[in-house]
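Right, one structure below, let's go through it.
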Amino acid sequence: MSTHASDPLAALGSLLGVAEAVDSVRKAVDRVYGHRVMRRRSNEISSEAALRGARGSAALSGADWALEEVRRRTDFSADPEARVVGASLRLSAEAGQLLSIWRQSPLRVLARLHLVAAGEQDPTVGRPRQAGEPVTEPLVEAPLPAPDEVAARLDGLAELVVAGSEAPALVTSAVVHGELLALRPFTSYNGLVARAAERIVLEGSGLDPKGICPAEVGHAEQGRAAYLAAFEGYLSGTPEGVGAWIAHCGRSVELGVRESTAVCEALQRGAA
């Protein structure tokens, strides 16, 4: 992996504000897991969190639909926005099925995520893009790394995941998310795949094992401009920039916690 934002874990000790973000997220997650509704209705909370997370991720990729529209719709093939929402919903459902594979073969999981998002058979689906292949990514306009750099950095990311790290789950998930967004390794749906991979790390690490803290909700709530500004920090590769990206991701998890806490409260009142 190159030194350009591709191995920020190596500089973890100097990342500004990371320890505070990690501690704040841990406390927030512990609070929602301790909610009395979680003891008997955790499956409902998980399902609702997955739906809301899918809506949030789709919103960042240009399909900002109301939650009730996402809930109501059954056909997601009518137009490009609908296909984005459908892809995000499929990824949200698939992510939880891939936790055991991720630590052994992250590249296999990423290929599967792209296949699920695309929802079609195509020579470009489920494999890293090749030279000359265009990339459709409506949100990120940063320069595209060349395919050989993509391959090398994906291998490095996979080695990092398989080898494991002492870094907190929030840090690892933010790095996986940022690196995939920087590389845009596929010809389409890279943002959706990156955020699904972030979810897999958060769940698989044990920080959010039931998937009730949807970071995608928080990313969407903070807005596309804030998301891109934080991502620019990741791209810079500086400790300050990477630290700001991790803190942004941490705040997104906390906002996801707030969303699920509201769902718990509604269920407790019998309003949902």
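This is a predicted model, so every value here is computed, not measured.
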Can you confirm whether Arg224 sits close enough to His219 that some side-chain heavy atom of one is under 4.5 Å from a side-chain heavy atom of the other? no
Determine whether Val201 and Leu154 fall in the same hydrophobic cluster, where Ile, Leu, Val, Met, Phe, Trp and Tyr are linked whenever their side-chain heavy atoms lie under 4.5 Å apart. yes
Is the backbone of Glu20 close enough, under 3.5 Å, to the side chain of Ser24 for a donor and an acceptor to pair up by distance? no
Determine, step by step, whether Leu51 and Leu89 satisfy the side-chain contact (heavy atoms from CB on, under 4.5 Å) criterion, reporting the C-alpha distance in whole Å, the side-chain angles of both residues, the deciding distance to 0.1 Å, and the verdict. CA-CA 7 Å; Leu51 179 70; Leu89 286 168; 3.7 Å; yes
Transitive ILVMFWY side-chain link Ile246 to Leu255, under 4.5 Å: no
Just wondering, are more than 12 heavy atoms of other shown residues or ligands nearer than 6.0 Å to CD in Glu141? no
Lys/Arg-Asp/Glu bridge criterion (N-O < 4.0 Å) met for Arg153, Glu149: yes
Kindly indicate, with the supporting measurements, whether the criterion side chain to side chain donor-acceptor pair (under 3.5 Å) is fulfilled by Tyr189 and Glu137. CA-CA 7 Å; Tyr189 298 115; Glu137 180 52 56; over 6 Å; no
Using 30° and 60° as the class boundaries, would you call the ring planes of Tyr227 and His177 parallel, tilted or perpendicular? tilted
Does His35 reach the side chain of Glu265, with side-chain heavy atoms less than 4.5 Å apart? yes
Output for pair (Ile101 CD1, Ile200 CD1), nearest 0.5 Å, gives 9.0 Å
Test item: side-chain donor near acceptor, Glu48 and Ser260, under 3.5 Å: no
Going from SG on Cys264 to CD1 on Ile212, what distance comes out if it is rounded to the nearest 0.5 angstrom? 6.5 Å
If you count heavy atoms of other groups shown closer than 6.0 angstrom to CZ of Arg72, is the number above 12? yes
With clusters defined by side-chain heavy atoms of hydrophobic residues (ILVMFWY) lying less than 4.5 Å apart, directly or transitively, does Val135 cluster with Leu180? no
For the residue pair Gly34 and Arg39, what are the closest heavy atoms and their distance? O-NH2, 4.3 Å
Are the charged groups of Arg73 and Glu69 less than 4.0 angstrom apart, N to O? yes
Looking at Arg129, is its backbone amide N or carbonyl O close enough to the side chain of Thr187 to form a donor-acceptor pair, meaning the two atoms are under 3.5 Å apart? no
Passes side-chain contact (heavy atoms from CB on, under 4.5 Å), Leu183 versus Glu179? Steps please. CA-CA 6 Å; Leu183 295 178; Glu179 189 69 1; 4.0 Å; yes
Taking Arg184 for the side chain and Asn190 for the main chain, is one N or O donor matched with an acceptor at less than 3.5 Å? no
Smallest separation among heavy atoms of Ser173 and Leu202, with atom names: OG-CD2, 3.4 Å
Minimum-distance pair of heavy atoms, taken over all atoms of Val18 and Gly243: CG2-CA, 4.1 Å
From CG (Leu91) to CZ (Arg112), nearest 0.5 Å: 10.0 Å
Do Ser188 and His114 have a side chain donor and acceptor closer than 3.5 Å? yes
Could you measure the distance from the SG atom of Cys249 to the CD atom of Gln222? Nearest 0.5 Å is fine. 9.0 Å
Lys210 NZ to Met38 CE distance, which is reported to the nearest 0.5 Å: 5.5 Å
Could you give me the CA-CA distance, side-chain angles and deciding distance for Val161 and Arg103, then say whether side-chain contact (heavy atoms from CB on, under 4.5 Å) is met? CA-CA 6 Å; Val161 170; Arg103 286 298 298 270; 4.1 Å; yes
Will you find, in the side chains of Thr124 and Glu133, an N or O donor that is under 3.5 Å from an N or O acceptor? no
Do Val217 and Val32 sit in one hydrophobic cluster, given that two such residues count as connected whenever their side-chain heavy atoms are within less than 4.5 Å of each other, even indirectly? no
Check step by step if side-chain contact (heavy atoms from CB on, under 4.5 Å) holds for Asp155 and Leu107. CA-CA 8 Å; Asp155 285 343; Leu107 296 185; 3.6 Å; yes
Could you tell me the separation between the CG atom of Asp208 and the OH atom of Tyr33, rounded to the nearest 0.5 Å? 3.5 Å
Is Ser88 reaching over with its side chain to a backbone N or O of Val85, donor-acceptor style, under 3.5 angstrom? no
Could you tell me whether the side chain of Trp102 reaches within less than 4.5 Å of the side chain of Leu110, counting heavy atoms only? yes
So, does Arg108 use its side chain to make a donor-acceptor pair with the main chain of Gln104 at under 3.5 Å? no
Main-chain N/O of Ala167 paired with Ser165 side-chain donor or acceptor, under 3.5 Å: yes
Contacts table for residues 59-67: side-chain donor-acceptor under 3.5 angstrom, sequence neighbours left out:
from, atom 1, to, atom 2, distance (Å)
Ser61, OG, Arg195, NH2, 2.8
Asp64, OD1, Arg55, NH1, 2.9
Trp65, NE1, Glu81, OE1, 3.0

Exam field: side chain Ser252 to backbone His248, donor-acceptor pair closer than 3.5 Å: yes
Work out which heavy atom in Arg199 is nearest to a heavy atom in Pro214; give both atom names and the distance. NH2-CB, 3.5 Å
Heavy atoms of Tyr234 and Val242 approach each other most closely as O-CG2, 4.1 Å
Note, Thr172 side chain near Ser205 side chain (heavy atom, < 4.5 Å): no
Single-linkage hydrophobic cluster Val84~Val125, side-chain heavy atoms < 4.5 angstrom: no
Which heavy atom in Ala95 sits nearest to a heavy atom in Ala196, and how many Å separate them? CB-O, 4.5 Å
Identify whether the distance between the nearest side-chain nitrogen and carboxylate oxygen of Asp23 and Lys27 falls below 4.0 Å. yes
